[in-house]
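Report on one structure; see the data block that follows.
Naming convention: chains lettered A, B, ... in sequence-line order (proteins, then strands); numbering from 1 in each chain.
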Amino acid sequence: MLNPSQKQAVEHLHGPALVLAGAGAGKTRVLTQRVAYLLDRNLVDPSRILVVTFTNKAAREMRERLAKLLGWEQVKQIWAGTFHAICCRILRQEIESLNLGYTGQFAIYDPKDQEKMMDLTIRSLNLDPKDYQASKLLQIVSRLKNSDLPPEAVSASDFEDAFQLKVYRQYQETLRLNNAMDFDDILFLTLRLLREQPDARHRLQQRFAQILVDEYQDTNTVQFELIRLLGDAHRNIFVVGDVDQSIYSFRHANFRIILRFQEDYPDARLIKLEENYRSTGRILAAANALIQRNSERFDKNLIATRGQGQPLRFVQTLNEDEESAWIVKQIKKLQEQEQIPFGSFAILYRTNAQSRIYEQRLIQYGVPYHVVGGFRFYDRREIKDLLSYLYVLQNPLDSLSLKRILNVPKRGLGAKAVEMLETSASFEGRGLTLWDAIQTERVTAQLPSSKAQEALQTLAWQLRQWRQEPMPVSELIERVYHESGYRAELEQEPDSKKRVDRQENVTALIQAALEYEAEAEDKTSLTGFLEKIALFSDTDNLKEQNQAVNLMTVHGAKGLEFPMVFIPAVEEGIFPHVRSILEESNGAIEEERRLMYVAVTRAQDRLFMTFAGQRRNRRGVVNSRLSRFVLEMGEHLELPGELLADVQRYNYEQRLKKMNLKGVKDLPDLTDLPGESRSEPETVPLHPATRRIAQMVQQKQAGTQSALPASAQRPAMPAGRVPQPDMPRSAPAAKAAAALVVGDRVRHPSLGDGQIEKIIPPLAKIRFASGVKTLHLQSAPIEKIS
DNA sequence: CCACTGTCACTTTTT
DNA sequence: GTGACAGTGG
């Protein structure tokens, strides 16, 4: 069953080991088998094994597989989960020993909570939220925390702007006062605990006799340190990964950590798994050709074990409507003619926003489907509202959640009332928490109307009641739902579709609580339930459904495999994403290339890639340009003749670029998309594929009126000129912006004067005194100055 | 002072 | 399709 390398990995016993495995080489299998091997021979106690997986689902699957081999009794003692889940478990027990003011009931703030919190922090420092965007500061804060740099370790000179340090400090302090953590803190505080509490450190180090880490290429500095510290006593650290599949650098993952493993652990044993058992030879050949373009990697090739298989298909369509229709028809055809179950198909797109058109088309053709990711169930408004009650009951210090429920359902406590409560709380008792404030008559008596006072008193009384009485989580939710008046308010919702939808969501939440209770040791434990929800991702929910087409992002498909894979919109700006093209360095494009590599290697039997000549975006229709990745895989795809010439040209240019950077100037810059601006001095030649599409559009228009939007129907399209998108509604600024070209100087009301560095519709990179900004050309309030 | 309505800008990837 | 914001009516 196991090949020699796999066997070697499974039976590795002591000391550090690095398993480098290409896609489909049986990484997860090796991991599971090794745990089984260790347990089966009684080499280690199950409670002393730590397995870090990338998703909760992966952990659950591994447990299930192990349970079949070894029985549930043993398996449930293993520590298996994501970094976040494991750190949470440690922190719930140990955080109080750090004496930072956190209790074991700490709340976990999701990205939306974080943003609110950050916004409040910025305002509390009297900074203008327009100059200091919460999202941007959160990025900075997250980068620091994931680079192991607490507020104490950085100084003002590390920032572009001294206020950013203040914000960082204040933000952390506010979280602490709320007994709350964001995702980064969960890891960060665990690391801090291990460093500062020798007791806890020794206990945990002694405990984990064997540590196994999956998807090691996606670990970041803090995660690396965590593993290093936890494994320090026994040094049995077994990591598995593939540099070419590192796709989470936006979450500060650093694939150099895996490249460096042998330096950090000189005695590490290196095992390579290069035989691929998943995909056909043709799929692997394309994947190899693609990934070889990346510079920073271990050279390796996937070796096919399954024969060549069928050719990879590349399909060009006129526009996205025809693209989605082609995909769905193709799925139907394969299902009908070859009896391939719908569950064998996956449509893997770059961004969540792309899913809608495929969904609509699948509905139209009556094909069952299942979307993974996107909007999480727990992000729905009514769910967050009800959960906020639970959060407050669990952790009264959580003022963010408390604020959320003060006037939900409506109690006549508006913004002014909340503000008054807050100021009064900090004023009256020198730092009363909001929770204390609403329980204090002296504070509540200051509310203007007696109606508001009564409402608040009722709420405070209810919260105390719910807190006192232990009851199963599902029962608690029901009581909150009824007694708070939420249910009554929901019944008043006039839009019946919305109303029913929301009521169903509440029922689903109660159902989820019941499911939790079925497994939980303590049915009344809010902490356990809320934690499960906070760390839950939609990917974790993917069931082995054989009867529905799977739709998800490429990120969501990591670790999965499907017999039939469709990758739509292989276009510059989508895949690779615009943001990565705009990036100065090559690193972002290399990451996109790895992402494409992941997408391609998900396919077991057949792979389809589709290209739409025109695509609608918010403002109009844009001509597409073929993704460079298709050109890079060109020799392994069935391409029409004209495109083959493009592949050769592309390869020639790339070689030139590599050999002689000077010569590049004479060549058309492939990283630039065709410009949309009318006044651009020289016309940008259209990509041949796009030109052909343009001709097709014209021919079609000569016949019947197509369903294309007006802008695409403009009759004569001069060669080499891109059709103008529809003029946006806000005319004046847009008109000025539409005429802008690279090099123009512009004025922005808050950012001042700047110069345009790059235009990739609809975005432009503009250098201002404060730094380079990427703005939406059509909507940004910029004006050309001469 | 609260609640409702219309307007506008924004949309990578996720534990 | 969402969420933040401003303006208006009760």
By nearest-heavy-atom nucleotide on DNA chain B, the more 5' of A/H577 and A/A417 is A/A417
Would you classify A/Y248 as touching base, sugar-phosphate or nothing, given that sugar-phosphate means primed atoms plus P, OP1 and OP2, and contacts are heavy atoms under 4.0 Å?
sugar-phosphate
C/dG9 -> Watson-Crick or G-U wobble partner, both distances under 3.5 Å, gives B/dC2
Starting from P on C/dG3, measure out to CZ on A/R381 and report it in whole angstrom.
8 Å
Do A/K558 and A/F54 meet the cation-pi criteria used here (NZ or CZ under 6.0 Å from the six-membered ring centre, within 45° of the axis)?
yes
Expressed in angstrom and rounded to an integer, what is the separation of A/M420 atom CE from B/dC2 atom C1'?
16 Å
What is the ring orientation for A/F250 with A/Y248, classed by angle as parallel under 30°, tilted 30 to 60°, or perpendicular over 60°?
tilted
Tell me which nucleotide among B/dT12, B/dT15, B/dC1 gets nearest to the side chain of A/K416.
B/dC1
Rounded to whole angstroms, how far apart are CG on A/L406 and C1' on B/dA3?
17 Å
Tell me the interatomic distance from A/L348, atom CG, to B/dT12, atom C1', rounded to whole angstroms.
16 Å
At less than 4.0 Å, is any side-chain N or O atom of A/N146 found next to OP1 or OP2 of B/dT15? Yes or no.
no
Is the A/Y349 ring parallel, tilted or perpendicular to the A/Y358 ring (thresholds 30°, 60°)?
parallel
Under a 3.5 Å limit for both distances, which nucleotide forms a Watson-Crick or G-U wobble pair with C/dG1, could you say?
none
Give the rounded distance in Å between these two atoms: CD of A/Q139 and P of B/dT14.
15 Å
Between A/D182 and A/Y171, is there a side-chain donor-acceptor contact under 3.5 Å, judged purely by atom types and distance?
yes
Any A/H252 side-chain heavy atom under 4.5 Å of A/S142 side chain
yes
Position toward the 5' end of DNA chain B (nearest nucleotide), A/G412 or A/S580:
A/G412
Write down the partner of B/dT11 under the Watson-Crick or G-U wobble criteria, each distance required to be under 3.5 Å.
none
With a cut-off of less than 4.0 Å, is there a side-chain N or O of A/T553 near OP1 or OP2 of B/dT12?
no
Rounding to a whole Å, what distance do you find between A/R356:CZ and C/dG1:P?
5 Å
Are any of A/N352's side-chain N or O atoms less than 4.0 Å away from OP1 or OP2 of B/dT14?
yes
Rounded off to whole Å, could you give me the CG-to-C1' distance for the A/D501 and C/dG1 pair?
14 Å
NA contact type, A/D184, heavy-atom cut-off 4.0 Å: base, sugar-phosphate, or nothing?
nothing
B/dT15 C1' sits how many Å from A/I108 CD1, rounded?
10 Å
With distance as the sole criterion, is a donor-acceptor pair present between the side chains of A/Y216 and A/Q223 under 3.5 Å?
no
With the side chain of A/K410 defined as its heavy atoms from C-beta on, choose the nearest nucleotide among B/dA3, B/dT14, B/dT12.
B/dA3
Just to confirm, is there a sub-4.0 Å distance from OP1 or OP2 of B/dT12 to any side-chain nitrogen or oxygen of A/R579?
yes
